[in-house]
Amino acid sequence: MADNIPKPPRVRFAPSPTGSLHVGGARTALFCWLYARNRGGKFILRIEDTDRKRSQEELSSEIINEMRWLGLDWDEGPLFQSDRFEIYRQRALQLLDDGRAYRSEPDEDGATAVIMPVDHGDITFTDLVYGPITVSGSELKDIVLLKSDGSPAYNFACVVDDHEMGMTHVIRGEDHIPNTPKQILLYRALGWKPPKFAHLPLILGEDKTPLSKRHGATSLRAFRQDGFLPQALRNYLALLGWSPGGDREIMDTAELIKRFSLKKVSRKAAVLDYQKLLWMNGQYIKKSSAGELVNALQPLLAGTEWEEVPRERIETIVTLLGHRLKSLKEFAAQTGYFFDRDISYEPEAVEKYWSGEGIIELLRETRKEIALLDSFTEDDLEKSLRGLIDRLGIKAGVLIHPLRVAVTGRMDSPGIFGILLLLGKELVLERIDKALEYLHLNPPPESK
RNA sequence: GACCCCGUCGUCCAGCGGUUAGGACACGGGCCUUUCAAGCCCGCGACACGGGUUCGACCCCCGUCGGGGUCGCCA
């Protein structure tokens with residue numbers, strides 16, 4: 001029978017533009033998208049902007065942009081419910097004509113809402129994630145179809161659209177479970193076959209309460225601006241409430257699509273672990289080429305001093321930073337010393353690596369050694385400085401750490417020789433001079 | 001309060017009748033190393049509780065406790 005032949009599903013994501021797209025919504029969108037892609041179906045984007053007071057156009061476009069950024073491409077839409085009020089009205093009128101709905105008492109202005117009465121029988125549906133759920137109709141209040149201002153109420157618009165747009169699966173947050181019996185009643189009244197329903201567990205903050213503004217930056221925009229890669233976010237979010245079974249974790253999007261199944265979706269709310277997301281982002285940063293990273297980085301650099309820096313130079317620095325970035329946002333924070341200007345010294349670094357009287361002499365010798373170089377390559381630098389280290393009979397770190405502080409001002413940095421190279425001879429010598437100057441003004445305390 | 005849902009390491013997930021209960025993040029220790037990372041190795045750490053069912057329960061049933069969701073002419 002036709003019902004048993006699996007048809008390609010049609011799945012929609014239906015955000016409401018009353019707020020930014022947050023990670024919870026993004027996770028729902030991702031699961032809808034993964035399901036559609038896994039089954040060779042269609043993914044539809046629908047904007048639920050029936051509440052004119054609370055909906056904002058800017059938020060619609062922000063949501064659409066963030067969906068694009070996350071890489072969740074849709075096959076149809078974006079469709080706006082605000083364009084479809086006439087359709088809802090017609091359907092409501094039809095139910096009125098059929099005697100399946102009634103008009104409310106008029107309000108002060110004489111306006112009436114259209115409402116559908118609910119009878120008391122049980123309503124059962126089989127959720128693809130939660131299994132069978134039964135609710136007694138006696139628990140339900142009558143369902144508003146059209147509000148007295150003529151706009152459709154959520155459940156009604158949702159049902160009309162899901163049917164008219166041919167949705168086979170409704171995948172949404174667990175908070176919609178209580179809406180489902182009401183919607184099923186609407187399908188019945190309209191003589192339509194309901195789609196399959198699948199509800200997704202909630203995403204919680206560290207304090208185990210549902211993710212909200214209180215938890216800080218939870219909008220997708222914030223994650224983008226914090227330097228997360230969309231593919232890392234997709235991977236991490238996919239694992240929040242779903243797993244392919246076994247120990248697979250790092251999965252590219254193709255694998256996610258291939259393995260995704262609603263059967264493996266968890267019923268338990270999940271706490272978003274920012275640390276693990278950061279770690280995963282680092283994994284993806286490591287897998288990316290410098291070119292890809294610069295592409296992702298550039299929007300974050302707009303409006304900063306880096307905007308003027310040639311792409312090739314940024315790419316070189318990104319390469320040098322290599323594996324030590326967990327988010328793109330760290331880039332600018334860790335590389336200020338590449339600009340030709342005075343640097344400040346981290347107090348800790350000064351205290352730890354510029355103590356003891358020998359330090360001044362050591363930096364002088366180092367300067368002399370570098371000044372002598374006429375070929376300024378990473379190899380030459382290493383050879384010459386290691387030569388000095390040998391002659392002085394010291395450990396490499398004894399020279400390298402103070403030098404690092406002199407040229408970067410920091411406790412930590414990528415490999416020193418690469419940094420010297422990128423800084424260039426002139427700036428390196430200048431920085432060492434500045435360091436010596438500083439040390440004359442602020443003599444290191446007697447050490448041990 | 002009513003209705004519905006959930007309950008494995010701190011966190012995310014495996015395991016679903018017989019396992020030394022597995023992996024990842026975090027945490028602690030070690031190795032490597034010019035620092036910080038990365039990487040590698042080791043460690044810490046959980047089946048909410050109580051009854052059943054069963055030769056045998058994390059896995060099945062019931063209850064308790066705990067947590068969450070919803071009860072709008074918001075979506």
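Chain naming here is simple, since letters A, B, ... match the order of the sequence lines and numbering starts at 1 in each.
As rounded to whole Å, 19 Å separates atom C1' of B:A14 from atom NZ of A:K263. When rounded to the nearest whole Å, the span between CG of A:D162 and P of B:A75 equals 15 Å. Across the protein-nucleic acid pair, A:I203 atom CD1 and B:C6 atom P stand 18 Å apart, rounded to whole Å. The nearest whole Å value for the distance from the CD atom in A:Q334 to the C1' atom in B:U35 is 12 Å. Rounded to a whole Å, the NZ atom of A:K182 is 16 Å from the P atom of B:C3. Put simply, NE2 on A:H199 is 15 Å from P on B:G69, counting in whole angstrom units. To the nearest angstrom, P of B:A21 lies 16 Å from CG of A:D247. A straight line from CZ of A:R404 to P of B:A37 spans 12 Å, rounded to a whole angstrom.
Rounded to the nearest 0.5 angstrom, A:K368 NZ and A:L373 CG are separated by 14.5 Å. Rounded to the nearest 0.5 angstrom, A:L45 CG and A:S60 OG are separated by 9.5 Å.
Ring geometry for A:H163 versus A:W192: interplanar angle under 30°, hence parallel rather than tilted (30 to 60°).
Rounded to whole Å, the separation between the C1' atoms of B:C5 and B:G22 comes to 28 Å. Between the C1' atoms of B:A14 and B:C47, the separation comes to 13 Å (whole Å). B:A37 and B:A75: their C1' atoms are spaced 45 Å apart (whole Å). Atom name C1', nucleotides B:C16 and B:A57: the rounded distance is 10 Å, in whole Å. B:G15 and B:G51 have their C1' atoms separated by 25 Å, given to the nearest Å. On the P atoms, B:A38 is 22 Å away from B:C44, given to the nearest whole Å. Nucleotides B:G7 and B:C62 place their P atoms 14 Å apart, quoted to the nearest Å. When the C1' atom is compared between B:C41 and B:U11, the two are found 24 Å apart, to the nearest whole Å.
Contact annotation for A:T209: no contact, since no heavy-atom pair falls under 4.0 Å across all strands. Among the heavy atoms of the strands lying under 4.0 Å from A:P414 is at least one base atom, whether or not backbone atoms are also near. When heavy atoms are screened at a 4.0 angstrom cut-off, A:R267 is found touching the sugar-phosphate backbone but no base atom. Nucleic acid contact for A:L202: sugar-phosphate only, since backbone atoms but no base atoms lie under 4.0 Å from a heavy atom of the residue. In this structure, A:T50 reaches the sugar-phosphate backbone alone: every heavy-atom distance under 4.0 Å involves primed, P, OP1 or OP2 atoms, never a base. Residue A:H176 is in base contact, counting any heavy-atom pair closer than 4.0 Å across all strands shown. Residue contacts for A:K286: at a heavy-atom cut-off of 4.0 Å it reaches the sugar-phosphate backbone alone, with no base atom in range. Residue-level contact check: A:Q283 touches the backbone only, with heavy atoms under 4.0 Å from sugar-phosphate atoms and none from bases. Contact annotation for A:K395: no contact, since no heavy-atom pair falls under 4.0 Å across all strands. Looking at heavy-atom distances under 4.0 Å, A:D149 makes no contact with the nucleic acid at all. Across all strands, A:K352 comes closer than 4.0 Å to no nucleic acid atom at all (heavy-atom distances). Within the 4.0 angstrom heavy-atom criterion, no nucleotide atom of any strand lies near A:R172. Backbone-only engagement by A:S243 is indicated by non-hydrogen atom pairs under 4.0 Å involving sugar-phosphate atoms exclusively.
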Taking only N/O atoms, report every protein-nucleotides 9-12 of chain B pair under 3.5 Å with atom names and distance.
from: B:U11; atom 1: OP1; to: A:K208; atom 2: NZ; distance (Å): 2.4
from: B:C12; atom 1: OP1; to: A:V271; atom 2: N; distance (Å): 3.0
from: B:C12; atom 1: O2'; to: A:L239; atom 2: O; distance (Å): 3.2

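Ring centers of A:W74 and A:F13: at least 6.0 Å apart, outside the cut-off. Aromatic rings from A:F228 and A:Y274 are positioned such that their centres are separated by under 6.0 Å.
Side chain of A:K326, nearest nucleotide from B:A37, B:G68, B:U34: B:A37. Across B:C71, B:A75, B:U34, the shortest atom-to-atom separation from the side chain of A:K141 is found for B:C71. In this structure, of B:A2, B:C74, B:A26, it is B:A26 that holds the atom nearest to the side chain of A:W279. Here the side chain of A:V144 is nearest to one of B:A75, B:A2, B:C73, namely B:C73. When the nucleotides B:G68, B:A75, B:C3 are ranked by their closest atom to the side chain of A:K147, B:A75 comes out on top. Of the candidates B:A75, B:C25, B:U34, B:U34 carries the atom nearest the A:R386 side chain, counting heavy atoms from C-beta on.
Nearest-nucleotide assignment on RNA chain B puts the 5′-proximal partner with A:P132, out of A:L146 and A:P132. Checking A:R324 against A:D49, the closest nucleotide of RNA chain B that is more toward the 5' end is the one next to A:R324.
Of the N and O atoms on the side chains of A:D175 and A:H199, not one donor lies less than 3.5 Å from an acceptor on the other residue.
Base pairing analysis places B:C47 opposite nothing; no Watson-Crick or G-U wobble pair with both distances below 3.5 Å involves it. Here B:G1 sits opposite B:C71 as a Watson-Crick or G-U wobble pair (both hydrogen-bonding atom distances under 3.5 Å). Look at B:G7: its Watson-Crick or wobble partner, with both distances under 3.5 angstrom, is B:C65. B:C31: Watson-Crick or G-U partner is B:G39, with both key distances under 3.5 Å. In a base pair of the Watson-Crick type (N1 to N3 plus N6-O4 or O6-N4) or a G-U wobble (N1-O2 and O6-N3), with each distance short of 3.5 Å, B:G22 is matched with B:C13.
Applying the 3.5 Å distance criterion, the base of B:C36 shares no donor-acceptor pair with the side chain of A:S413.
Remark: the backbone N or O of A:V170 is not paired with any side-chain donor or acceptor of A:D162 at under 3.5 angstrom. With hydrogens and angles disregarded, a donor-acceptor distance shorter than 3.5 Å links the side chain of A:K425 to the backbone of A:A371. Between the side chain of A:H22 and the backbone N or O of A:G24 there is at least one donor-acceptor pair closer than 3.5 Å.
For A:R221 and A:F223, the positive end is not near the middle of the six-membered ring at less than 6.0 Å and at most 45° from its axis.
At a threshold of 4.0 Å, the pair A:R91-A:E86 does not count as salt-bridged, since none of the basic side-chain nitrogens sits closer than that to a carboxylate oxygen.
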